[in-house]
Protein chains: 2
Amino acid sequence: MKAQPAFRRAEPDTRRLSLIAACARVLAREGASGASVRAIALEGGVSPGLVGHYFGGIDALVSATYAHVEVQVSDALDVAVAAAGADPRARLEAFVTASFAPPVASGELLATWIAFWSLVRSREDIAAQHARQYAASRARLEVLLAECGLPEPRLRRAAIAITALVDGLWLELCLSPEAFSPAEAGAIARAALDALLG
Amino acid sequence: MKAQPAFRRAEPDTRRLSLIAACARVLAREGASGASVRAIALEGGVSPGLVGHYFGGIDALVSATYAHVEVQVSDALDVAVAAAGADPRARLEAFVTASFAPPVASGELLATWIAFWSLVRSREDIAAQHARQYAASRARLEVLLAECGLPEPRLRRAAIAITALVDGLWLELCLSPEAFSPAEAGAIARAALDALLG
DNA sequence: TCGCTTGTTGAACATTCGTATAACAAGTGG
DNA sequence: CCACTTGTTATACGAATGTTCAACAAGCGA
């Protein structure tokens, strides 16, 4: 009788993704302080050494997890925008509305953001990653705003404003869901769009 | 020759405050992950045991530090509002403008906020503290808005909106100061007030 | 079937963590 | 000047941290 394999090899990218997913789950369940190499390896059904093998350190894994989750969030927003049809204003409103509904606004995602933010000030490469992702997210919003007819000179500030408003509402929604509802957050953001677009 | 005292006794409240100040300094310098009992005790010129003696645990010290810093921030905003004179609109604008200048907006404060936020989801008492402080901060803004003539039914949402906008701008300002300037953040917030108050 | 590459393991490493606690001493009231 | 209270120290403890590395074996090509 042949013993079944003690472990299974995986494509590097597959394994990397499964570790990222495990990291995200641990962050969601245990919070930023519970995301240790061992806990993540256990969650991924893998030995602790693999984390170092693929990412070299826990910071890089957290950074990769943030990048991955950000892409998921970004995709979810894109889907919502696409589902809104062709009307520019409807697309913009779909964007902000989706920002306050799962899977974008979710307390479980908060720990990933917090773990990432806590690295921004001390690690220059992670600060650069944050700046890059922030710029990308703002640029996408600028496109939606431009399609609504907002003139180019006002685009930058408008995008900064809407991004900040949405982020602030999102953060508070994750931190204390009782303060106000996702629907109320959506209404507030849409009112801001009204004011901005006239 | 009499050896000088090996240590100095302090009033409980004095010592508590000095530990809170030491915690804030360590958070500012080392970030959330560097704020260990030992590092804080060393910073405060005190033995590690005292942290447990006064606060019972590191979480309670972080929570107390957050509360203390929040009061400082709140006081700084009050000073700015008072300095603006009697005109309600000027007072409101002073409030948002001060939110983007030191000592309120400062990368060094960010770590304190992050350390506190990371406790909100896992500890019920800290979630309650956050909800309480958020409500207080929103209530103060509601007063300023009411003085500008905003009718009562619109107060709640307006305060939520301005708080979220200011928090979002503040956060991004602390995370990546190159994205936009404090002056630009202030202009954005004042424009939002324009839109809100007509 | 054999050998080779390399993904993977699991233990060991030196630190560091938070907390508990016994001994010490500063300051106060007598 | 002497207790007595208690703020404070210093150490010790077990657990957990991130990282390293030699050994192992899975899967592929020959």
Side-chain angles (χ1 to χ4, degrees), chain A residues 1-23 26-27 29-65 111 115-116 118-119 122-123 125-126, chain B residues 1-23 26-27 29-65 111 115 118-119 122-123 126:
Chain A
M1 175 171 180
K2 179 75 168 300
Q4 60 179 357
F7 59 90
R8 217 185 45 187
R9 289 197 169 198
E11 291 281 315
D13 285 349
T14 303
R15 184 67 79 188
R16 222 182 299 268
L17 270 180
S18 93
L19 279 174
I20 286 174
C23 180
V26 171
L27 279 168
R29 188 189 337 121
E30 322 246 12
S33 69
S36 68
V37 170
R38 281 171 174 80
I40 294 167
L42 182 67
E43 174 73 28
V46 125
S47 86
L50 263 201
V51 172
H53 184 272
Y54 278 110
F55 293 93
I58 188 73
D59 290 359
L61 175 51
V62 166
S63 149
T65 302
F116 180 77
S118 71
L119 299 175
S122 54
R123 300 219 3 187
D125 55 334
I126 291 189
Chain B
M1 174 168 180
K2 178 77 170 299
Q4 62 178 355
F7 59 89
R8 217 185 44 188
R9 289 196 169 202
E11 291 281 314
D13 285 349
T14 303
R15 184 66 80 187
R16 222 182 299 268
L17 270 180
S18 94
L19 280 173
I20 286 174
C23 180
V26 171
L27 279 167
R29 188 188 338 120
E30 322 245 14
S33 69
S36 67
V37 170
R38 280 172 175 80
I40 294 167
L42 181 66
E43 175 72 28
V46 125
S47 86
L50 262 201
V51 172
H53 183 273
Y54 279 109
F55 293 93
I58 189 74
D59 290 0
L61 175 52
V62 166
S63 149
T65 302
S118 71
L119 299 175
S122 54
R123 301 220 1 189
I126 291 189

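Order of the sequence lines fixes the chain letters, A, B, ..., with proteins taken first and strands second; residue numbering starts at 1 for each chain.
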Taking only side-chain nitrogens and oxygens of [X], does any of them come within less than 4.0 Å of OP1 or OP2 of [N]?
X: A/R8; N: D/dA26; answer: no
X: A/Y54; N: C/dT8; answer: yes
X: B/S36; N: C/dC17; answer: yes

Atom-pair distance ([atom1] on [X]; [atom2] on [N]), nearest Å:
X: B/L42; N: D/dT8; atom1: CG; atom2: P; answer: 17 Å
X: A/F7; N: C/dG10; atom1: CZ; atom2: P; answer: 9 Å
X: A/L61; N: D/dG18; atom1: CG; atom2: C1'; answer: 13 Å
X: B/F55; N: C/dG18; atom1: CZ; atom2: P; answer: 15 Å
X: B/I40; N: C/dT16; atom1: CD1; atom2: P; answer: 16 Å
X: B/E30; N: C/dT16; atom1: CD; atom2: P; answer: 12 Å
X: B/L50; N: D/dT9; atom1: CG; atom2: P; answer: 5 Å
X: B/R9; N: C/dA26; atom1: CZ; atom2: C1'; answer: 5 Å

Side chain to side chain donor-acceptor pair (under 3.5 Å) contacts touching residues 45-61 of chain B (sequence neighbours left out)
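Residue pairs passing side chain to side chain donor-acceptor pair (under 3.5 Å), neighbours aside: B/D59-B/R123.
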Measure the spacing between [atom1] of [X] and [atom2] of [Y] and express it to the nearest 0.5 Å.
X: A/L50; Y: A/I40; atom1: CG; atom2: CD1; result: 12.5 Å
X: B/T14; Y: B/R16; atom1: OG1; atom2: CZ; result: 10.0 Å
X: A/E43; Y: A/S18; atom1: CD; atom2: OG; result: 10.0 Å

Taking only residues at least two apart or on different chains, which pairs with a member in residues 30-40 of chain B satisfy salt bridge (charged side-chain N to carboxylate O under 4.0 Å, His left out)?
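Sorted pair list comes back empty.
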Sequence neighbours left out, what pairs pass salt bridge (charged side-chain N to carboxylate O under 4.0 Å, His left out) with at least one residue falling in residues 48-57 of chain B?
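Output for this query is empty, none listed.
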Pair A/L27-A/F116, side-chain contact (heavy atoms from CB on, under 4.5 Å): steps then yes or no
CA-CA 11 Å; A/L27 279 168; A/F116 180 77; over 6 Å; no
Can you name the side chain to side chain donor-acceptor pair (under 3.5 Å) partners of B/S63, sequence neighbours left out?
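For B/S63 the side chain to side chain donor-acceptor pair (under 3.5 Å) partners, ignoring immediate neighbours, are B/Q129.
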Using five base pairs at each end to define the local axes, how bent is the helix from C/dT1-D/dA30 to C/dG30-D/dC1, to the nearest 10°?
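Both end axes considered, the difference amounts to 0°.
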Just the table, please: protein N/O against nucleotides 19-21 of chain D N/O, every pair under 3.5 Å.
residue: D/dT19; atom: OP2; partner: A/I58; partner atom: N; Å: 3.4

Among D/dT9, C/dG7, D/dT6, which nucleotide sits nearest the side chain of B/S47?
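Closest nucleotide among those given: D/dT9.
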Is any side-chain heavy atom of B/I20 closer than 4.5 Å to a side-chain heavy atom of B/F55?
yes
